[in-house]
2 protein chains.
Amino acid sequence: MTDTAPRRRARAQRPPTIIDVAEHAGVSRGTVSRVLQGGHNVSPAAREAVDAAIRKLGYVVNRAARSLVTQRAGSVAFLLSETQDRLFADPNFTTLLTGCTTALGEHDIPLILITAGTDAERRRILPFLSAHHVDGVLLISSHRGNPMIEHLRRANLPFVCCGKPLGERGTLSYVASDDLEGARTMVRHLIESGRRRVATIAGPQDMPGGLERLQGYREMLAEHGIAYDKRLVTTGDYSRASGEACMQQLLATAKDIDAVFVASDLMADGALAAIERAGLRVPDDIAVGGFDDSPAATAVHPPLTTIRQPWSRISEMMVRQLLAQIAGEGPATVILPTELVVRESA
Amino acid sequence: MTDTAPRRRARAQRPPTIIDVAEHAGVSRGTVSRVLQGGHNVSPAAREAVDAAIRKLGYVVNRAARSLVTQRAGSVAFLLSETQDRLFADPNFTTLLTGCTTALGEHDIPLILITAGTDAERRRILPFLSAHHVDGVLLISSHRGNPMIEHLRRANLPFVCCGKPLGERGTLSYVASDDLEGARTMVRHLIESGRRRVATIAGPQDMPGGLERLQGYREMLAEHGIAYDKRLVTTGDYSRASGEACMQQLLATAKDIDAVFVASDLMADGALAAIERAGLRVPDDIAVGGFDDSPAATAVHPPLTTIRQPWSRISEMMVRQLLAQIAGEGPATVILPTELVVRESA
DNA sequence: GTCTCTACTGTGAACGTGCACAGTCCACCA
DNA sequence: TGGTGGACTGTGCACGTTCACAGTAGAGAC
């Protein structure tokens with residue numbers, strides 16, 4: 001009898017439950033639940049009463065209880081399997097991160113940020129993922145042979161990669177920008193503005209973008225009947241310093257260069273410095289084309305002509321693909337077009 | 001009889017539960033639970049049996065079930081109540097974000113990233129927070145009068161701010177670096193290296209750091225018996241462009257400036273450009289002191305002498321304070337010392 | 001009038017865990 | 001010998017939801 005009193009008092013302090021809503025609306029739990037799920041097989045009158053009760057009580061579904069019965073976490077992980085340094089320093093990366101957050105937010109799905117840079121972290125993360133504490137993973141990595149992929153497969157956890165994973169066989173979902181076509185576009189731009197001796201500072205060949213941007217360079221040269229000269233090809237590591245070093249080397253080996261396609265804006269910045277130090281002018285003597293449209297592109301003089309990657313759309317598509325996989329669809333590949341941004345350097 | 005068959009089959013597909021562990025170890029659920037909580041009042045033999053069973057079955061606690069009964073979410077939000085632009089572009093910010101992630105990770109607490117830049121997002125977020133879908137909030141904001149603070153208070157949700165919230169009364173937890181002392185240190189460095197006409201490009205006075213960095217400048221001038229000249233004080237908005245404009249203005253009004261303390265590296269970059277354009281040399285003619293130790297500080301010529309904020313420690317302390325609050329402690333304020341990084345610009 | 005079909009509603013049984021409580025066992029002491 | 005306390009263990013219930021199922025009412029067909 002009186003033993004319900006403490007319970008009732010406790011209940012008053014707590015957020016309202018579906019039972020409170022049901023009582024308030026004069027229907028059963030089942031009906032409230034159905035309204036919550038979208039309202040199929042619910043009479044208009046009942047739905048309205050439930051909606052009113054929800055508003056009045058300020059009811060919000062208890063995600064833990066829902067998870068427990070649906071066997072779904074209701075959340076998604078954004079997994080950084082990197083040493084973080086390079087990727088995280090890239091401001092475009094933050095666009096990707098917030099893009100994913102808001103895209104997921106529209107589905108009321110929280111994004112859980114997970115870093116797995118160190119082995120200790122990886123050990124902690126693995127059980128978390130295997131136990132399906134998230135419904136899926138947005139996987140960010142730029143290195144060849146990401147061990148996480150194998151783990152995710154084994155855990156039977158849906159995942160979507162950002163960028164084409166290198167050294168992976170078997171089907172998997174990824175969303176990437178069209179690096180090949182982007183590189184082709186930039187080199188075409190250089191050639192069509194009259195340049196003939198076009199050099200390149202490529203990225204690491206074991207990272208996404210590295211291979212394809214170099215291939216795009218070669219293809220476009222070939223299409224314009226320009227012979228491939230391997231002395232005009234250097235390889236950096238995407239850092240500013242490496243761009244400077246590569247440019248210096250290029251200027252030393254081939255003095256008649258009139259354009260250079262650099263696989264990242266950061267490296268392009270370095271290249272600008274080297275060119276300036278050599279007493280040459282950009283773009284008059286040497287045109288410089290970058291890649292990424294990072295903030296660095298506009299912070300330097302002259303502002304960089306570059307290739308913009310659609311980070312915002314990439315994040316949208318990653319989320320869409322992941323949700324599709326969670327819903328049961330198979331994996332898919334999405335390639336998004338890039339955009340040539342013409343400024344003053346080329 | 002046979003109706004247990006389907007259940008058993010289904011169970012086989014699913015992750016093991018505490019019951020499976022208990023059966024396997026030959027103990028009761030309660031004992032397993034006690035081992036999971038830290039193992040008080042459990043015999044060594046039982047504990048060992050349970051540990052072995054956990055390892056063998058690969059058992060991981062079901063967080064949803066635990067949440068349901070403990071009334072705790074078991075996660076923490078990292079809340080960006082910003083238009084994102086400025087804050088997110090700052091690479092130090094990513095240090096903060098990963099720092100919080102790993103600090104929480106050590107306690108097995110997932111970090112949920114939430115952006116609340118737009119009104120629509122805020123509307124979505126509010127019920128989520130009020131319903132205690134997270135146990136606490138790491139609040140990132142740089143503007144005066146953050147409306148989120150009031151909401152969090154009303155929802156009775158523990159939170160810790162990054163940086164001192166302006167225009168707030170009442171007690172609240174925050175962790176900040178010692179902007180005042182940082183500014184004093186930099187200006188002292190400028191004066192002690194022989195400069196007398198020290199100008200400043202301050203930050204917006206309605207953002208953290210703005211007020212204090214300016215005050216530190218004034219204090220140190222006073223301590224060295226240098227009269228405050230308001231013509232030597234300009235105010236930018238932390239952007240590179242504003243730094244350039246402010247410096248230009250300073251050079252126009254007071255030609256005898258021999259040093260300038262700039263409240264952010266980004267603005268300092270702009271200032272360098274303006275100085276170079278005026279045909280003056282750094283540090284020979286004008287010494288430039290920055291603030292933040294952002295990557296920009298080393299990307300420019302000459303590399304910036306600047307003040308480094310302890311972002312990594314800030315994130316650690318934010319997490320520590322938040323967990324303390326969640327555990328029932330009252331709010332607290334933490335101020336962390338900055339560090340002078342001497343490079344070539346001053 | 002009965003039967004069927006549709007649209008809607010209520011109910012009981014899970015989901016996996018923590019906690020309070022009630023034991024049980026054993027050692028120790030008077 | 002009985003009592004007392006401490007260390008450990010098992011059990012029932014509750015947490016808030018979804019889902020399958022059973023059930024009801026009313027409309028329409030025959």
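Please read all numbers here as calculations on a predicted model, not as lab measurements. A note on names: the letters A, B, ... follow the listed sequences, proteins ahead of strands, and every chain is numbered from 1.
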Residues of residues 22-33 of chain A with a heavy atom under 4.0 Å from any atom of DNA chain D, listed by number, are A:Arg29, A:Ser33

Separation of D:dT17 atom C1' from A:Arg63 atom CZ, nearest Å, is 13 Å

Q | Within 6.0 angstrom of B:Arg47 CZ, more than 12 heavy atoms from elsewhere | A | yes

Rounding to 0.5 Å, atoms CZ (B:Arg153) and OG1 (B:Thr171) come to a distance of 6.5 Å

- Query: Taking atom types as modelled and ignoring hydrogens, do the side chains of B:Thr102 and A:Glu121 form a donor-acceptor contact shorter than 3.5 angstrom?
  - Reply: no

Are A:Ser43 and C:dA7 close enough that a side-chain N or O sits under 4.0 Å from OP1 or OP2? no

Between CD1 of B:Ile18 and P of C:dC15 the distance, given in whole Å, is 15 Å

Taken to the nearest whole Å, CG/A:Leu36 to P/D:dC19 is 11 Å

inquiry  = Tell me if a side-chain donor or acceptor on B:His151 pairs with a main-chain N or O of B:Ser130 at a distance below 3.5 Å.
reply    = no

Value for CD1 (B:Ile114) from CZ (B:Arg122), rounded to nearest 0.5 Å, stands at 13.0 Å

A:Arg66 CZ to D:dT17 P, in whole Å, measures 9 Å

(Q) Test your reading of the model: is there a side-chain donor-acceptor pair from A:Asp135 to the backbone of A:Gly74, 3.5 Å cut-off? (A) yes

Quiz item: Less than 3.5 Å between a donor and an acceptor, one on the side chain of A:Arg34 and one on the base of C:dG10, is that the case here?
Solution: yes

CE (A:Met318) and SG (A:Cys100) are apart, to the nearest 0.5 Å, by 5.5 Å

Expected list for residues 45-57 of chain A near DNA chain C, using heavy atoms below 4.0 Å, is A:Ala46

* Do the side chain of A:Arg124 and the main chain of B:Gly105 share a donor and acceptor less than 3.5 angstrom apart? -> yes

What residues 123-135 of chain A contributes to the DNA chain C interface at heavy-atom separation below 4.0 Å is none

Check your understanding: Salt bridge or not for A:Arg313 and A:Glu316, using N-O below 4.0 Å?
Key -> no

Between CD of A:Gln71 and C1' of D:dT18 the distance, given in whole Å, is 11 Å

Interatomic distance, CD1@B:Ile335 vs CE@B:Met317, rounded to 0.5 Å, equals 11.0 Å

note: B:His40, atom NE2; C:dA20, atom P; distance rounded to Å ~ 14 Å

Whichever of B:Pro44 and B:Ala65 has the more 5' nearest nucleotide on DNA chain D, that residue is B:Pro44

Rounded to the nearest 0.5 angstrom, the CZ-CG distance for A:Phe78 and A:Leu113 is 7.0 Å

B:Ile19 atom CD1 is separated from D:dG12 atom P, nearest whole Å, by 13 Å

From CG of A:Asn41 across to P of D:dG23 the rounded distance in Å is 18 Å

